[in-house]
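Just so it is clear, the values below take in all heavy atoms, side chains as well, and ignore hydrogens, waters and symmetry mates. Order of appearance sets the numbers: ligands from 1, and atoms from 1 within every ligand.
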Amino acid sequence: MIGQWRLRAAFAARLSEMYGREVPAYTTLVDVSREVNEDVLRARGADAERLGSIGRVTAERHGAIRVGTPAELRDVARIFGALGMRPVGFYDLREAAASAVPVVSTAFRPVDAEELARNPFRVFTSLLTPADPRFFDADLRSRLETFLAGRELFPPELLTLADRAGAERELPDAEAEHFLQLAVQAFELSAEPIDQSWYEELEKVSAVAADIGGVGSTHINHLTPRVLDIDELYRRMTDRGIEMIDAIQGPPGGPGPDLLLRQTSFRALAEPRALRQTDGSVTRGALRVRFGEVEARGIALTPAGRALYDRLLTLVDDQAAAHPAADRTALARTLWAEHVPGSERELAAQELAYFTYHVAPDRAARSGSQPPATIGELVDQGWVRADPVVYEDFLPRSAAGIFQSNLSGEGSRNTGQEGIAYDSGWLSGAIGREVLDPYAPYERSQSLSITQVGRELGLDLDGTHH
Ligand code: OOG
Ligand code: NI
């Protein structure tokens, strides 16, 4: 029998193997990431593993897919459900992107800390919004929905095996093998000819719409390894002659602790595709739809920490607009240094980031004195150790930046129309499974650890720092 987390780890590894075979620059990215990680581990020792063991970080990947209808999204949820992954978080890329990106998204990922430690594979999953009149007029919407209703992304056999793995939390060896093969195949780039005029009609509205609704299948559009020093990775990739996007998305980095998520990518490469012409003949063309991305993960922020992050992003935008010649990263680093605490201790004291707390073993046994009564003092006086909680989610602005950097054109948007409001509740309904609040698991880990500390030290801790 193969249990869920082994299925998840095997799926991530096979997907990575397939992608590396088909998109060679991704293999370079994985190789360079591994080199950087080995160097960081050598230089920083145990400190390098503060946000995840080197085993976890080396195997860690996220992928991204895009689908066209709620029914397709429900099937995706069945496949990832088989791997112990649930939808977490709601991202509205229509609002976060300047170009036309008519999708709303969630991320399928393991939720429990033990599951994340075993294998944290996650997939950023976007759903097209044909009903949004800013992007699609009634005629195009109706032809698009008809096209989408007529395609089948996943063979019934794959879905049956997925349901079985989801219900039984394991599969016998032979079924597991079959499931993995079918699942990887479903996310490969299809060789089916593409109707060129249909694809181009959608592309005028949005390259993302064409990528989703212009073809009869879906595909992984990027796969992302995790790196411990993304600035160093960016330099080394550029030195190897691989053209990276202009900037690293997310917090600017710098001397303090790593926060949230920093990401960068290389541009999608032109790949040969078969194109069907209106007269039925098939020609050879090329499309740019698959790219590579890399990310560095930092500490998860509380809602207050996240509000600070969002406020600083706006401040950077304002200053960059006022000083167009200035270097954006330098601006951001200056603002960060001014507003963001530069140590884990301060982040915890101001309740801007999540930590789990653990009684220091020697301290409790040795000391005859009475421990202080708040978690802050316990940490300060060495009774308790605080470990940072790693950020397991995504960032809408960064995601929009990643989408945008790979679009062939701006697309178009009818600003005279009112957009449709979607939210996490709506997406839950579309998937038929609850889209989880991304803060809840961090909050739970932190508060469970505080309860445990209280129990061990015989204290009634209320969870606040002071
Ligand atoms: C997804 C882009 C978002 C990330 O890492 O923020 C993403 C896509 O291009 O489909 O993967
Ligand atoms: Ni990504």
Tell me whether R8 contacts the main-chain N or O of E115 through its side chain, where contact means a donor paired with an acceptor under 3.5 Å.
yes

By residue and atom, what protein N/O/S atoms are less than 2.8 Å from the Ni ion (ligand 2)?
H62 NE2, H222 NE2, E293 OE1

Please check if the distance between the ring centroids of F187 and F154 is under 6.0 Å.
yes

Count the heavy atoms belonging to other residues, nucleotides or ligands that lie under 6.0 Å from CD of E418, then report whether that count exceeds 12.
no

Taking the side chain as every heavy atom from C-beta outward, state whether V208 and L93 have any pair of such atoms under 4.5 Å apart.
no

Every pair of nitrogen or oxygen atoms between ligand 1 and the protein that is under 3.5 angstrom apart - can you list them with their distances to 0.1 Å?
residue	atom	partner	partner atom	Å
ligand 1	5 (O)	H62	NE2	3.0
ligand 1	5 (O)	Q263	NE2	2.8
ligand 1	5 (O)	E293	OE1	3.3
ligand 1	5 (O)	E293	OE2	3.0
ligand 1	6 (O)	Q263	OE1	3.4
ligand 1	9 (O)	R66	NH2	2.7
ligand 1	10 (O)	R66	NE	2.8
ligand 1	10 (O)	R66	NH2	3.3
ligand 1	10 (O)	N221	ND2	3.0
ligand 1	11 (O)	H222	NE2	2.9

Indicate whether the side chain of D393 and that of Y442 have a donor and an acceptor atom separated by less than 3.5 Å.
yes

Verify the distance criterion only: is there a donor paired with an acceptor across the side chains of Q185 and Q181 at less than 3.5 Å?
no

Could you check R122, R109, E293 and say which one makes a side-chain hydrogen bond (donor to acceptor under 3.5 Å, both in side chains) with H62?
E293

Are F291 and H222 an aromatic pair, judged by ring center distance below 6.0 Å?
yes

Just checking Y422 against F90, ring centres under 6.0 Å apart?
no

